[in-house]
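Here is the naming used below: chain letters follow the sequence lines, and residue numbers restart at 1 for every chain. Here the structure is a predicted model, which is why all the values come from computation and not from measurement.
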Amino acid sequence: MTICFLATEGLVPWLAKLAQNYRVFAPRREGKAIIFRPWKEGDKAPVPLKATVAPKGVMFPACETLVSYKTTKDPQQLDKVSLTLKAPVKAEPTVLFGCRSCDARGFVALDKAYLGGKFKDPYYEARRNATLIITHTCDNPTPTCFCTWVNGGPASPEGSDVLMTAVQGGYVLEGISQKGNDLLAGSGLPDGSDKLNEARALRTEAAKRVTPRKDLSKAAERLKARFTDMDFWIAQTAKCLSCGACTFMCPTCQCFNITDEGDPASEQGGQRLRSWDYCMSPMFTREASGHNPRMVKAARMRNRVSHKYWYSTEYSPDGRFSCTGCGRCIAQCPVSLDIREIVVKAIEE
Amino acid sequence: MSVLTGKELRIVGFLCNWCSYGGADTAGVARATQPTDLRIIRVPCSGRVNPLFPLKALLSGADGVLVSGCHPRDCHYSAGNFYARRRLELLKEFLPIIGINPDRFEYTWVSASEGQRWQQVVTAFTDRIHKLGPAPRFKDAEPIYDLPGALTSLVRPLDCGGNPALDELKQQIRDALADGHLHCVVGWQQGYDPIHATPLHMRKPEDVDRLIWGPFNIHSTANMITQLIKEAQDAAMVGVKRGDPIPPAKKVGVVVKGCDSKGLVELLQEKLIDRNAVEIFAMGCNGTVSTDRILAKIGNTAARVSAVSGKGDTLTVTADGTEYTMSMNDIAQDKCRACKMPSAKVYDHFAGEPVTVAEDAVPEPAAIMAYLDSLTLDQRMGFWKGQMERCIRCHACRNACPMCVCREVCVADSREPHWVTQDDTVTNKFFFQLIHALHLAGRCTGCGECNRACPVGIPVGALKMQTGRIVQRLFDGYQPGTDADAIPPFLGYEVEEKNIPEHHIERA
Amino acid sequence: MNELNPLLPEVATVVEIVQETHNIKTFRVKLDDEERMKAFHFEPGQVGQLSLFGVGESTFVINSPPTRMDYLQFSVMKAGEVTSALHKLNVGDKIGVRAPLGNFFPYAKWKGKDIFFIGGGIGMAPIRTIMLYLLDNKKDYGTISLLYGAKTPEDLSYKDDIKEWLADPNLNAVLTIDNPAEGWTVDDTHKVGLIPNVLKELAPRPDNCIAVLCGPPIMIKFTLMALKDMNFPDEQIFTTLEKRMKCGVGLCGRCNIGGKLVCVDGPVFSYDQLRELPPEL
């Protein structure tokens with residue numbers, strides 16, 4: 001394992017060096033929000049806080065073209081039309097800088113969904129392979145954080161290539177994956193092994209500040225038993241607005257929509273787009289016949305919660321939750337709906 | 001003739017089939033010389049021109065848009081252009097807030113016989129657009145990501161000490177629930193920490209114990225009223241067979257601050273809810289807070305709050321073992337700073353004494369509006385570009401809006417018509433906000449829930465405030481949601497509009 | 001299927017269109033890449049996604065059997081945006097195809113057994129594939145029967161096929177319509193009545209018999225009850241499920257029933273499998 005030390009004043013120059021070879025995404029403040037944006041030389045140092053929106057968009061953009069299509073008429077024979085399809089699967093070398101451990105673990109959950117099944121998502125895979133994740137271990141868990149409940153922690157290395165911990169005068173950088181170790185080995189940064197104990201002590205301190213852990217090991221089993229308890233679900237979701245804030249903030253929510261935008265016969269053709277979709281929308285499962293298996297929001301929330309703490313445990317070989325406890329869905333919810341409360345109640349009552 | 005001397009610009013015309021389209025025809029038949037920049041779209045009536053048509057054209061690259069219909073009092077359908085006049089005037093005055101020069105949009109009246117007048121209109125308008133030149137485009141605007149942090153002064157002293165009539169309110173609700181005529185009552189309870197409240201649906205008298213009242217009751221309770229009424233109706237139908245008489249549904253109870261009651265009143269004005277379907281529990285409001293401002297005062301967005309207490313104007317927050325005191329002046333929500341209606345006027349139960357504000361008190365204009373007004377048109381375009389870039393299209397703004405009753409059939413989710421696509425370009429995302437704003441013109445009660453709900457803090461409410469300012473000016477200070485009997489301005493018209501001039505183009 | 005990108009359709013041409021009923025059309029399509037068409041392999045019960053570019057994509061079962069590979073056949077009932085647009089297609093038009101997708105009927109395990117097919121309305125499409133496939137391999141199976149029902153005689157699809165089916169000595173075919181209609185003479189093969197009722201009248205014996213049923217949810221529900229009344233064991237009943245789908249390849253997450261995705265774990269389920277899933281159909 002390569003361990004380096006990066007002095008505080010060395011951060012921006014190091015990023016500038018990275019930006020020469022990679023697309024760098026880093027969190028910055030915009031209004032009250034903290035948003036991952038492309039970072040370029042001349043920009044300020046990234047904000048060392050958890051971003052408002054999880055950085056999953058770096059691998060799974062809010063909108064991308066899956067296929068561009070265009071029809072062309074043969075000028076000699078106007079009823080002869082040819083159809084051209086192009087699929088732009090490509091990825092630039094990218095560094096995702098300054099996400100939290102909960103964000104990095106989110107990609108491990110997305111990997112199960114997009115790369116672990118019968119078919120792989122080539123768009124996601126290309127970006128995933130081209131991206132290096134430098135995680136800023138968490139030093140200020142918020143009241144809505146619950147990473148330790150779902151087998152993570154403020155400094156969990158899962159999903160990260162490099163772990164970065166703020167210590168006195170700078171940062172300790174630890175290579176986690178081969179990619180991360182290679183990056184550090186070639187970085188020219190001084191050795192930071194002597195500061196590793198300080199970093200570890202700080203992390204232990206941070207972990208203590210996460211909301212005391214509740215045991216969720218029975219979640220899947222209890223949610224299964226709760227499935228038909230509609231009164232429970234109606235009571236738990238009465239205040240939900242059915243918006244997509246929780247889903248779009250979430251580092252693990254994977255669902256998407258596919259729509260065609262643009263006439264194939266037009267000069268520029270059209271695009272088949274993939275865009276984020278949210279299961280709290282009644283449109284999500286409404287069929288052309290009008291039938292909707294999840295007509296009411298209680299059923300939709302039941303699906304959302306069950307997906308994260310039950311269904312995912314069935315399709316992941318390691319039985320992991322599709323939740324990293326980042327707490328954004330709680331903190332950012334317009335009505336402060338608390339998913340922890342639902343799961344805990346489902347287990348307890 | 002501008003077009004003969006320079007490059008043609010893109011001007012879109014929406015012409016009424018019965019008058020102006022005929023007028024253009026007459027001009028053509030008479031071989032009147034006209035500039036050729038105008039691309040005409042024939043519509044059945046100027047009343048068919050949804051203000052979103054010109055707006056979409058302008059956002060999609062048109063350099064100018066002209067709407068022309070029958071002269072007022074001469075509409076083929078008798079009143080179409082009266083409605084059009086109000087809507088189009090609204091649009092014209094709305095444009096500057098998004099950085100579009102209002103001179104790029106015009107509406108006028110030309111009859112089928114007025115070939116010569118048509119020639120003058122189209123020439124004058126084309127000339128005007130050529131003087132303005134090609135329209136600035138959103139994609140070229142310099143984005144502004146920052147937001148003004150200024151706070152406006154309070155129109156009245158605010159108080160976070162709680163309301164002594166809370167017990168009275170609770171008893172009223174308990175009694176009503178015990179009586180069995182209510183489906184549920186919506187109020188507030190403490191959420192995951194003491195500075196976060198969360199909506200409370202009370203179904204049994206014992207649920208009322210959890211009801212709170214105070215500075216953290218930030219959510220609008222009017223928001224889900226239409227859904228709850230439907231829920232109550234559905235509940236009443238359980239077990240009812242075809243042909244049986246439809247049983248009466250239980251009422252939906254709702255606890256309101258002044259602002260929440262405005263939402264209910266506006267829904268009543270628009271006949272979207274029935275007064276008999278709701279039971280309103282009111283109490284005087286002394287102002288609510290912004291949790292973001294509290295956390296900013298503490299200086300740590302990760303602060304763990306263990307207790308809060310309010311006394312008069314001062315809120316004491318205990319976070320991570322330290323006590324912080326702060327004044328309502330620094331932490332109150334923007335809408336509360338300007339609120340002149342802290343107590344509901346329409347209610348079934350009122351607990352305690354109503355809170356009032358001096359009739360002649362004049363609220364300071366909202367900070368965001370003062371800021372936008374201070375920007376140039378180009379800067380405003382850049383402002384919205386910068387803000388909308390971070391929009392994730394979660395639609396929390398829409399779903400938190402008490403006036404957005406379309407819900408599952410929102411035009412933004414429709415592919416026919418196809419107003420917005422799934423593409424996440426800034427203009428596409430922004431167009432959704434424009435739909436929301438224009439659909440709320442003359443209806444928005446200023447509850448600010450769209451702003452508050454936005455997880456990334458985009459001040460989308462400013463767009464609605466702009467419509468509010470226009471409506472106030474055009475309709476003599478009209479305020480949506482304050483009078484249950486008033487007709488919303490865009491559902492009606494006057495034959496002679498006091499504040500809308502009749503022939504705009506002559507000003508050119 | 002495109003091996004590298006399961007979301008990229010292959011270009012195909014509509015070679016024939018049959019108007020089955022007032023709202024059902026059958027499309028026969030061929031992949032433009034002749035090599036791919038020759039190498040195309042699928043199993044009965046598998047589905048395909050048809051793309052009409054500019055409109056969208058929808059899932060349909062491939063209802064021509066794998067033993068007859070001149071073209072791929074899909075039957076489309078007009079319901080939403082994509083199906084309405086598909087109905088406007090002409091022969092020679094280009095579409096996109098992503099196929100084959102999903103699982104298939106476990107016919108290998110059915111060898112030596114009697115098979116009883118029950119199709120309602122558009123639900124006849126998946127039945128058609130597996131039934132023709134088994135008829136083409138009749139020597140491996142016992143008695144093959146079909147009960148096909150629709151609202152009216154006009155709503156019966158595959159009218160040319162029906163004539164053959166009624167005449168086929170290897171198949172016991174019975175048709176039914178909901179209410180008496182002019183020109184519909186009731187006899188051994190033409191019945192009047194809802195599928196579950198006619199099924200009880202036909203009374204297939206549950207021992208050594210596989211029941212395969214497809215149709216609208218309400219028909220499935222009551223036919224299942226009828227089959228249970230006749231003591232069909234759960235593991236001998238098979239059906240196909242439909243959900244709103246987008247990607248069709250297990251990525252987009254909307255067709256789940258519990259932890260199962262209808263697009264990759266289905267569409268074919270046995271009744272004992274269905275009973276293990278949360279009740280959210």
Side-chain angles (χ1 to χ4, degrees), chain A residues 66-67 69-71 79-87 89 113-114 117-124 224 227-228 253-266 269-270 272 274 277 279 284-294 299 302-303 306-307 310-315, chain C residues 1-2 4-13 32 49 51-58 77-84 90 92-96 101-103 216-217 241-261 263-265 277-281:
Chain A
L66 292 179
V67 179
Y69 51 81
K70 182 167 164 45
T71 53
D79 61 340
K80 204 178 153 200
V81 177
S82 62
L83 170 65
T84 321
L85 304 178
K86 283 185 193 144
V89 178
Y114 291 145
K118 192 173 165 199
F119 296 94
K120 282 184 184 179
D121 181 332
Y123 304 83
Y124 175 83
K224 195 169 183 175
F227 193 87
T228 50
C253 271
Q254 80 194 64
C255 294
F256 59 82
N257 196 355
I258 301 178
T259 49
D260 284 10
E261 306 286 3
D263 181 357
S266 66
R272 173 159 293 171
R274 162 196 1 227
D277 205 349
C279 57
F284 188 68
T285 47
R286 186 191 288 158
E287 293 162 19
S289 63
H291 174 69
N292 191 346
R294 299 198 275 266
R302 176 180 66 190
N303 180 67
S306 300
H307 193 164
W310 163 21
Y311 307 158
S312 63
T313 62
E314 287 183 357
Y315 68 68
Chain C
M1 279 299 282
N2 186 310
L4 298 173
N5 186 348
L7 294 165
L8 175 65
E10 296 175 78
V11 179
T13 306
D32 281 13
Q49 288 262 9
S51 280
L52 204 51
F53 293 96
V55 183
E57 220 174 9
S58 249
M77 187 164 87
K78 198 168 161 178
E81 194 191 356
V82 176
T83 50
S84 300
N90 293 311
D93 284 348
K94 298 287 178 194
I95 59 169
L101 300 169
N103 71 351
L241 293 184
E242 253 196 287
K243 287 273 163 187
R244 182 178 159 93
M245 288 180 193
K246 281 287 176 181
C247 74
V249 289
L251 305 172
C252 81
R254 77 186 60 220
C255 65
N256 74 305
I257 305 173
K260 297 278 180 232
L261 294 165
C263 65
V264 286
D265 299 316
L277 297 179
E280 198 178 54
L281 303 178

Show, in sequence, the C-alpha distance, side-chain angles and deciding distance for A:Y315 and C:L261, and conclude whether the side chain to side chain contact (heavy atoms under 4.5 Å, CB included) test is met. CA-CA 10 Å; A:Y315 68 68; C:L261 294 165; over 6 Å; no

Count the heavy-atom pairs under 4.5 Å between each of C:A79, C:P6, C:P217 and chain A, then report the option with the highest count.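 Top option by heavy-atom pairs under 4.5 Å: C:P6.
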
Looking at C:G80, C:C255, C:G253, C:G96, which makes the most heavy-atom pairs under 4.5 Å with chain A?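 The candidate making the most pairs under 4.5 Å is C:G253.
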
Check this for me: C:K78, atom NZ, are more than 12 non-hydrogen atoms of other residues, nucleotides or ligands nearer than 6.0 Å?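 Counting other residues, nucleotides and ligands, NZ of C:K78 stays at 12 neighbours or fewer.
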
Got a sec, which residues hit ring pair (Phe, Tyr, Trp, His ring centres under 6.0 Å) with A:Y123, two or more places apart in sequence or on another chain?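 Counting only residues at least two positions away or on another chain, A:Y123 forms no ring pair (Phe, Tyr, Trp, His ring centres under 6.0 Å).
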
Is [X] close to chain A through its backbone or its side chain, or both, or neither, when contacts mean heavy atoms under 4.5 Å?
| X | result |
| --- | --- |
| C:P9 | both |
| C:V55 | backbone |
| C:T13 | neither |

Which heavy atom in [X] sits nearest to a heavy atom in [Y], and how many Å separate them?
| X | Y | answer |
| --- | --- | --- |
| C:R254 | A:D277 | NH2-OD2, 2.9 Å |
| A:V67 | C:L7 | CG2-O, 3.8 Å |
| C:G54 | A:D260 | N-OD2, 2.9 Å |
| C:L251 | A:A113 | CD2-O, 3.7 Å |
| C:L101 | A:F119 | CD2-CZ, 4.1 Å |
| A:N303 | C:N256 | OD1-ND2, 3.0 Å |

Looking at [Y], is its backbone amide N or carbonyl O close enough to the side chain of [X] to form a donor-acceptor pair, meaning the two atoms are under 3.5 Å apart?
| X | Y | value |
| --- | --- | --- |
| C:K246 | A:I258 | yes |
| C:R244 | A:R286 | yes |
| C:E280 | A:R294 | no |
| A:H291 | C:L281 | yes |

With a 4.0 Å cut-off on N to O distance, would you call A:E314 and C:K260 a salt bridge?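 A salt bridge is absent here (no side-chain N lies under 4.0 Å from a carboxylate O).
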
For C:E242, all residues meeting side-chain contact (heavy atoms from CB on, under 4.5 Å), sequence neighbours excluded: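 Counting only residues at least two positions away or on another chain, C:E242 forms no side-chain contact (heavy atoms from CB on, under 4.5 Å).
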
